[in-house]
There are 2 protein chains.
Amino acid sequence: MGMGRPRAFDADAALDRAMDVFWRHGYEGTTIAQLTEAMSINPPSLYAAFGSKEGLLKAALDRYTEKRDAWMDKVLNAQTAHEVAERFLMEHADAQTDPANPPGCLLVQGGLACGTGSENVPFELAARRTRTEDQLRERFVRAKAEHDLGENVDPATLARYLSAVTSGMCVMASSGATRETLREIAAVSLKAFEEQTKG
Amino acid sequence: MGMGRPRAFDADAALDRAMDVFWRHGYEGTTIAQLTEAMSINPPSLYAAFGSKEGLLKAALDRYTEKRDAWMDKVLNAQTAHEVAERFLMEHADAQTDPANPPGCLLVQGGLACGTGSENVPFELAARRTRTEDQLRERFVRAKAEHDLGENVDPATLARYLSAVTSGMCVMASSGATRETLREIAAVSLKAFEEQTKG
DNA sequence: CCACATCTGTAGCGAACACTACAGATATCT
DNA sequence: AGATATCTGTAGTGTTCGCTACAGATGTGG
């Protein structure tokens, strides 16, 4: 028995193209026609490989999360909690205004509110955002154990705060905020972080 | 010559219904069928009154802005810049988790990234968000003139920071953040504000 | 009460949507 | 080489989308 005709396109490269389209137009604003054109494949190939439009989004999110994890490792490996916060904020300001990508972040621009039948999409995006928040919180728990953060500091609050600020930066990036503007916001936020860790 | 059959529905009440649907499902996730059902009218009435789906959104946004302006007046009329920031943040935390409305804010949940043909929607929402930011900035300019804020404080930075935080709160509210969580974030943000106004 | 202007409800328009049937192509395994 | 399994491209499928033609209803002005 044979193994069948092999796939003629690179799945990861195609996912990168799909990611860009979802990122730029949101899940519901993206059409299969746009996706197949960007991925340079025909609909049957898309459906054979990813099952459905939502399946393709999840595959793209998986790939996005992979890249993000590598990036988060760099952030989390900073020596101090303060430096973690600084890197997190500043790298976000840069990433969200990187001309290589659409503005903002796929996990926000992908869709906060969707129509009937796509309720799962905002939920899926939220789960990935929560993951980042969890990583930050765990890092701050460690910092607390290492006496890098004081006893009366709440790691969950810090993580939620940073997560909120970077989500807000996504919103501003989507409406044209420059890298400098986002860095300014990041700098102010960092002061709140400092103040919070003193208390 | 006669003046024609009068409209049988209340336009403002209908707009409130439409606002809720756009808010909950986003512009692109909302269908005309959902709108007409929520508004208790038929499509021809909708199109006679508002022109198009996008026209209806703009009308709903105008009504939203009206209410928001009344609300912002209360915020901006606070005695000090610090109290303006506090009210702005805390009222946002409450409004975004008010069970009378969908979570978050129409100006964010309405749609950050839209499909081809609806590019105008994110732009329109962003313009309304900028309006709030402008109101804050002007208030801080005044505070500076009144020596309520120091000479080396940048009103634009403060306004942008508060705008970013509340936008981030919208994202968190859309994924189920509680009122207490948002208030916590608001409290941390307020510390950044205080710190920023000292410098 | 009549002419007119506008609204309302039914019913359905063309277009675009996500998705797929099918036939031919291309690999593997024996 | 032959059988088989999977992919690819063409050309659609049924459904839903935003929107509207039309006829009847309901008000105003003369």
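Not measured: the values here are computed from a predicted model. Lettering of chains follows the sequences in order, A, B, ..., and the numbering in each one begins at 1.
Separating the CD1 atom of A/Ile32 from the P atom of C/dA15 is a distance of 21 Å, rounded to the nearest angstrom. In this structure, B/Leu56 atom CG and D/dC19 atom C1' are separated by 13 Å, rounded to whole Å. Straight-line distance from the NE2 atom of A/His25 to the P atom of C/dA18: 13 Å, rounded to whole Å. Between the P atom of D/dG9 and the CE atom of A/Met39 lies a distance of 13 Å, rounded to the nearest Å. Atom-to-atom, CG of A/Asn42 to P of C/dC19 comes out at 16 Å; the value is rounded to the nearest Å. Between the P atom of C/dC19 and the CD1 atom of A/Ile41 lies a distance of 13 Å, rounded to the nearest Å. The separation between A/Leu46 atom CG and D/dG9 atom C1' is 14 Å, rounded to whole Å. The distance from atom CZ of A/Phe50 to atom C1' of C/dC19 is 16 Å, rounded to the nearest whole Å.
For the pair A/Pro43 and B/Pro6, both in contact range of DNA chain D, the more 5′-proximal nearest nucleotide belongs to A/Pro43. Each of B/Ala8 and B/Gly4 has a nearest nucleotide on DNA chain C; the 5'-most of these lies closest to B/Gly4. Mapping A/Ala48 and B/Tyr27 onto DNA chain D via the closest heavy atom, the residue that lands nearer the 5' end is A/Ala48.
At a threshold of 4.0 Å, the pair A/Arg128-A/Glu124 counts as salt-bridged, since one of the basic side-chain nitrogens sits closer than that to a carboxylate oxygen. A salt bridge does not link A/Glu133 with A/Arg137: every distance from a Lys NZ or Arg NE/NH1/NH2 to an Asp or Glu carboxylate oxygen is 4.0 Å or more. One finds no salt bridge joining B/Asp148 and B/Arg139 here, because no Lys/Arg side-chain nitrogen approaches an Asp/Glu carboxylate oxygen to under 4.0 Å.
Between B/Ser45 and the phosphate of C/dT8, there is a side-chain N or O to OP1/OP2 separation shorter than 4.0 Å. For C/dT20, the OP1/OP2 oxygens have no side-chain nitrogen or oxygen of A/Tyr47 closer than 4.0 Å.
Inspection of the A/Thr132 and A/Arg68 side chains reveals an N or O donor paired with an N or O acceptor under 3.5 Å.
Judged by distance alone, with hydrogens and angles left aside, B/Arg5 brings no side-chain donor or acceptor close enough to the base of C/dA5 to form a pair under 3.5 Å.
As judged by a 4.0 angstrom heavy-atom cut-off over every strand, A/Thr30 is placed among residues touching the sugar-phosphate backbone only. Among the protein residues, B/Pro44 comes within range of the nucleic acid bases, having at least one heavy atom under 4.0 Å from a base atom. Within 4.0 Å of B/Phe9, counting heavy atoms only, lie sugar-phosphate atoms of the nucleic acid but no base atom.
Listed for the B/Gln96 side chain is a donor-acceptor partner under 3.5 Å among the backbone atoms of B/Thr166.
In the set D/dT8, D/dC19, C/dA18, the nucleotide with an atom closest to the side chain of B/Lys53 is D/dC19.
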